[in-house]
There are 2 protein chains.
Amino acid sequence: MSTDRKERILLAALELFAMEGYHATPTSKIAKQAEVSEGLIFRHYQNKEGLLQAILQAAERNFQQHLSPILEESNPQKTLRFYISFPFEVPEEEVNFWRLQFKLKWEVNYPKNQKLTPFLDKITWAFRELGYDNPELEAELLFLTIEGVSTAILRDGMERMESTKKFLLKKYGV
Amino acid sequence: MSTDRKERILLAALELFAMEGYHATPTSKIAKQAEVSEGLIFRHYQNKEGLLQAILQAAERNFQQHLSPILEESNPQKTLRFYISFPFEVPEEEVNFWRLQFKLKWEVNYPKNQKLTPFLDKITWAFRELGYDNPELEAELLFLTIEGVSTAILRDGMERMESTKKFLLKKYGV
DNA sequence: GTCTATACGATGATAGAC
DNA sequence: GTCTATCATCGTATAGAC
């Protein structure tokens with residue numbers, strides 16, 4: 001129950017943008033949910049787009065914080081295990097960051113996320129270390145599979161997907 | 001260059017909803033692109049939501065027409081091959097039907113597509129025929145992978161994904 | 001920092017003529 | 001069937017007081 005109104009606005013907008021969408025969410029609704037006046041949103045974030053950008057920066061920090069350890073991992077098995085497990089272990093309070101990322105991919109003209117390249121390279125490295133025939137394509141395919149898995153998790157919840165996680169880990173022997 | 005204005009409206013709206021999104025597309029823009037008066041949209045489709053529903057029904061027919069042959073296939077290898085190849089072979093003119101489906105999954109409160117169950121069952125059957133250990137999970141995983149692949153195709157185009165297609169077909173030995 | 005009041009263009013939708 | 005004109009409301013944003 002924070003009383004920092006600027007942050008309350010950000011959290012309310014994150015929730016609404018993630019659940020209903022950016023274009024579908026009027027600033028009046030954000031103000032209502034955050035229990036602040038509508039004008040305050042524009043004082044703090046200039047305009048609606050500025051509010052979105054602030055949320056995206058917070059999401060980016062969150063993202064880096066959780067995924068960057070994978071880049072330090074020196075054991076290829078552990079690297080794959082970490083990567084595959086990742087979408088199943090996003091904390092409940094942070095799911096909306098992820099939901100928003102996936103939503104925006106379709107909603108606004110979202111710049112193709114180039115920040116993922118280091119992770120793709122790391123997975124490629126892991127497959128190469130493990131002696132796979134075509135590490136580049138293995139990595140790309142796993143990447144796309146995890147994208148599909150994440151979509152399903154965001155839609156149906158993690159519980160139902162437990163067996164899929166186990167199955168994937170077994171399939172890659174990690 | 002059809003002159004059927006009702007259909008011109010539908011095609012313009014399909015294009016715009018698929019590319020920019022439902023909420024981001026004003027009816028004025030649809031009218032402009034279809035080269036009709038804005039009022040005509042409401043004569044033919046009652047309201048914006050009705051227009052969307054009409055498009056969705058057309059998309060559904062398109063979808064059934066292309067995918068239903070898979071349900072008749074009696075050869076399990078061919079079944080998998082058909083299913084894996086499918087997203088790579090959507091005709092250029094029909095890509096927007098697919099883009100819209102994927103976009104709406106995130107944009108509006110879209111009913112979880114139960115119509116896919118027969119196809120999932122068919123894939124499960126194919127894996128069982130081929131002697132896979134866990135046909136249910138194999139089918140679910142392939143389904144999610146194809147979802148990720150489709151997303152990538154809609155984002156980057158099919159050309160760049162040719163190698164991924166070959167790789168997938170080889171991986172499943174079909 | 002925060003609120004209330006308000007401006008104002010955009011948007012979905014209707015009415016009425018042809 | 002189609003267009004033009006028009007309306008009511010919504011949505012973003014600003015102004016000014018406290």
Side-chain angles (χ1 to χ4, degrees), chain A residues 1-59 96 99-100 103-104 106-111, chain B residues 1-59 96 99-100 103-104 106-111:
Chain A
M1 190 70 88
S2 159
T3 184
D4 178 341
R5 287 169 186 244
K6 185 172 178 184
E7 189 172 358
R8 281 224 308 268
I9 291 169
L10 191 128
L11 291 175
L14 168 60
E15 163 104 12
L16 289 166
F17 289 170
M19 297 306 287
E20 327 233 322
Y22 175 75
H23 291 292
T25 303
T27 49
S28 57
K29 197 166 180 180
I30 298 168
K32 198 176 172 191
Q33 169 143 342
E35 297 180 281
V36 300
S37 68
E38 197 174 352
L40 194 60
I41 294 174
F42 297 93
R43 283 274 166 226
H44 281 309
Y45 297 100
Q46 290 60 255
N47 51 38
K48 197 183 168 185
E49 172 69 19
L51 174 54
L52 176 63
Q53 290 307 325
I55 294 173
L56 252 26
Q57 281 168 31
N96 275 338
R99 201 184 304 274
L100 185 61
K103 244 192 160 82
L104 287 183
W106 296 105
E107 189 163 1
V108 289
N109 228 349
Y110 196 57
Chain B
M1 188 71 87
S2 160
T3 185
D4 178 341
R5 287 168 186 244
K6 186 171 179 186
E7 189 173 357
R8 281 223 309 267
I9 291 169
L10 192 128
L11 291 175
L14 168 60
E15 163 104 12
L16 289 166
F17 289 170
M19 297 306 285
E20 328 235 321
Y22 176 75
H23 291 291
T25 303
T27 49
S28 57
K29 199 167 178 178
I30 298 169
K32 200 177 168 189
Q33 169 144 341
E35 298 179 280
V36 301
S37 68
E38 195 174 352
L40 194 59
I41 293 174
F42 298 93
R43 282 274 165 226
H44 282 308
Y45 298 100
Q46 288 62 257
N47 51 36
K48 197 182 167 186
E49 172 69 21
L51 175 54
L52 176 64
Q53 291 306 325
I55 294 173
L56 252 27
Q57 281 169 31
N96 276 338
R99 201 184 303 275
L100 186 61
K103 243 191 162 85
L104 287 183
W106 297 104
E107 191 164 357
V108 289
N109 230 351
Y110 196 56

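Judged by distance alone, the side chain of Glu107(A) and the main-chain N or O of Gly21(A) form no donor-acceptor pair under 3.5 Å. Of the possible donor and acceptor atoms, one in the side chain of Lys48(B) sits under 3.5 Å from a partner among the backbone N and O of Thr25(B). Remark: side-chain polar atoms of Asn96(A) are not paired, donor with acceptor, to backbone N or O of Arg99(A) under 3.5 angstrom.
Rounded to an integer number of Å, the gap from Glu49(B) CD to dG12(C) P is 12 Å. If you take CD of Glu38(B) and C1' of dA10(C), they are 10 Å apart, rounded to a whole angstrom. Nucleotide dC3(D) holds its C1' atom 15 Å from the CD atom of Glu35(B), rounded to whole Å. Computed from coordinates, the Ile41(A) CD1 to dC3(C) P distance equals 10 Å when rounded to whole Å. One can place CG of Leu51(A) at 13 Å from C1' of dT12(D), the figure rounded to the nearest angstrom. Between His23(B) atom NE2 and dG11(D) atom P the separation is 11 Å, expressed in whole Å. In this structure, the CZ atom of Phe17(B) is 9 Å from the P atom of dG12(C), given to the nearest Å. One can place OH of Tyr45(A) at 17 Å from C1' of dT12(D), the figure rounded to the nearest angstrom.
Of the listed nucleotides (dG11(D), dG12(C), dT2(D)), dG12(C) has the atom at the smallest distance from the side chain of Lys48(B). For Leu40(A), the listed nucleotide lying nearest its side chain is dC3(C); candidates were dC3(C), dT14(C), dA13(D).
Below the 3.5 angstrom threshold, one finds a donor paired with an acceptor across the side chain of Arg43(A) and the base of dG16(D).
OP1 or OP2 of dT2(D) has at least one side-chain nitrogen or oxygen of Arg5(B) nearer than 4.0 Å. For dT12(D), the OP1/OP2 oxygens have a side-chain nitrogen or oxygen of Thr27(A) closer than 4.0 Å.
Toward the 5′ end of DNA chain C lies the nearest nucleotide of His44(A), the other residue of the pair His44(A) and Gly39(B) mapping further downstream.
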- Task: Evaluate the criterion side chain to side chain donor-acceptor pair (under 3.5 Å) for residue pair Thr27(B) and Glu38(B); output intermediate values, then yes/no.
- Result: CA-CA 7 Å; Thr27(B) 49; Glu38(B) 195 174 352; 2.8 Å; yes
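Between the CD atom of Gln33(A) and the CZ atom of Arg8(A) there is a distance of 11.0 Å, given to the nearest 0.5 Å.
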